Visitor: 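The structure is given below, and queries will be raised subsequently.
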Amino acid sequence: GVDTLHNLIHVVSGIIGIWAGFGALNAATNFNKWFGVIYLLVAILGFLNVLTFMTVDMADNWLHVIIGVVTAGIGFWAK
C-alpha cells in the first residue's frame with residue numbers, strides 16, 4: 001500500500017514524461033537522464049528509510065531501482 005502523495009508523484013512524473021516525449025529529441029533524452037538519476041536517488045533514500053513523509057516499502061524501492069536504471073540507460077545510451 002502506498003499513499004496519495006506517492007501515487008500523485010508517479011502520475012505527475014508520468015505526465016511530464018509524456019509531455020517530454022512529444023517534444024524535441026533533446027527533451028526526451030534530458031528527461032530520461034534526470035528522471036533516471038532522480039529515481040535512483042529515491043531508491044537509495046528508500047533503502048535507507050529516509051522517505052518518512054510518504055509510504056514506501058521494499059517493493060517500491062526495487063521498482064524505483066528498475067525505473068531509474070532503465071530510464072537513465074535510455075537517456076545516456078540510446079541514440
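Here the structure is a predicted model, which means the values were calculated and not measured.
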Visitor: So, do Lys33 and Thr29 sit near enough that their side-chain heavy atoms are less than 4.5 Å apart?
Guide: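 Side-chain contact under 4.5 Å: yes.
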Visitor: Donor-acceptor pair, distance only, cut-off 3.5 Å: does the side chain of Asn30 make one with the backbone of Ala27?
Guide: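 Judged by distance alone, no pair lies under 3.5 Å.
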Visitor: May I ask whether Ile9 and Leu45 are part of the same hydrophobic cluster, defined by side-chain heavy atoms of I, L, V, M, F, W, Y residues being less than 4.5 angstrom apart, directly or through others?
Guide: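 Yes, it is one cluster - the side chains of Ile9 and Leu45 are joined through contacts under 4.5 Å.
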Visitor: In Å and rounded to the nearest 0.5 Å, what is the CD1 to OG1 distance from Ile38 to Thr71?
Guide: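 Going from CD1 on Ile38 over to OG1 on Thr71, the span is 9.5 Å.
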Visitor: According to a 4.5 Å side-chain heavy-atom criterion applied to Ile, Leu, Val, Met, Phe, Trp and Tyr, with indirect links allowed, do Leu48 and Met54 form part of one hydrophobic cluster?
Guide: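 Yes, Leu48 connects to Met54 through the hydrophobic network.
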Visitor: Quick check: is Ile66 connected to Val69 through a chain of hydrophobic side chains (ILVMFWY, heavy atoms under 4.5 Å apart)?
Guide: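 No, it is not one cluster - the side chains of Val69 and Ile66 are not joined through contacts under 4.5 Å.
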Visitor: Would you say Val56 and Val11 are hydrophobically clustered, going by side-chain heavy atoms of ILVMFWY under 4.5 Å?
Guide: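 Each belongs to a different hydrophobic cluster.
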Visitor: Assess the pair Tyr39 and Trp34: is the distance between their ring centroids shorter than 6.0 Å?
Guide: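 Judged by ring-centre distance (under 6.0 Å), Tyr39 and Trp34 do not meet the cut-off.
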Visitor: Are Val42 and Phe53 connected, step by step, through hydrophobic side chains (Ile, Leu, Val, Met, Phe, Trp, Tyr) whose heavy atoms are closer than 4.5 Å?
Guide: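 Both belong to a single hydrophobic cluster.
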Visitor: Supply the atom-to-atom distance Trp62 CH2 to Asp57 CG, rounded to the nearest 0.5 angstrom.
Guide: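 Atom-to-atom, Trp62:CH2 and Asp57:CG are 13.0 Å apart.
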Visitor: Rounded to the nearest 0.5 Å, how far does CZ of Phe22 lie from CD1 of Ile18?
Guide: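 Here the rounded value is 7.5 Å.
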Visitor: Apply side chain to side chain contact (heavy atoms under 4.5 Å, CB included) to residues His64 and Leu41 and explain how you reach the verdict.
Guide: CA-CA 9 Å; His64 294 151; Leu41 291 173; over 6 Å; no
Visitor: Of the non-hydrogen atoms in Ala28 and Gly21, which two are nearest, and what is the gap between them?
Guide: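 Looking at all heavy atoms of both residues, the closest pair is CB-CA, 4.4 Å.
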Visitor: Fit a plane to each ring of His6 and His10, take the angle between them on a 0 to 90° scale, and name the class: parallel (under 30°), tilted (30 to 60°) or perpendicular (over 60°).
Guide: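 Rings of His6 and His10: parallel, as their planes differ by under 30°.
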Visitor: For the atom pair CG (Leu5) and CG (Leu51), what is the distance rounded to the nearest 0.5 Å?
Guide: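 One finds 10.0 Å between CG of Leu5 and CG of Leu51.
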Visitor: Apply side chain to side chain contact (heavy atoms under 4.5 Å, CB included) to the pair Val37 and Phe76, showing each step before the final yes or no.
Guide: CA-CA 10 Å; Val37 169; Phe76 285 105; 4.2 Å; yes
Visitor: Minimum heavy-atom separation for Ala43 and Asn61, please, with both atom names.
Guide: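 Scanning both residues completely, I find the closest heavy atoms to be CB-O, 3.7 Å.
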Visitor: Hey, are the side chains of Ile74 and Val70 touching, using non-hydrogen atoms and a 4.5 Å cut-off?
Guide: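 Touching, per the 4.5 Å side-chain cut-off.
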Visitor: When rounded to the nearest 0.5 angstrom, what distance separates OG in Ser13 from CD1 in Ile67?
Guide: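 Here the rounded value is 7.5 Å.
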Visitor: Please test Phe47 against Ile44 for side chain to side chain contact (heavy atoms under 4.5 Å, CB included), starting from the C-alpha separation and ending with a verdict.
Guide: CA-CA 5 Å; Phe47 284 123; Ile44 292 167; 5.6 Å; no
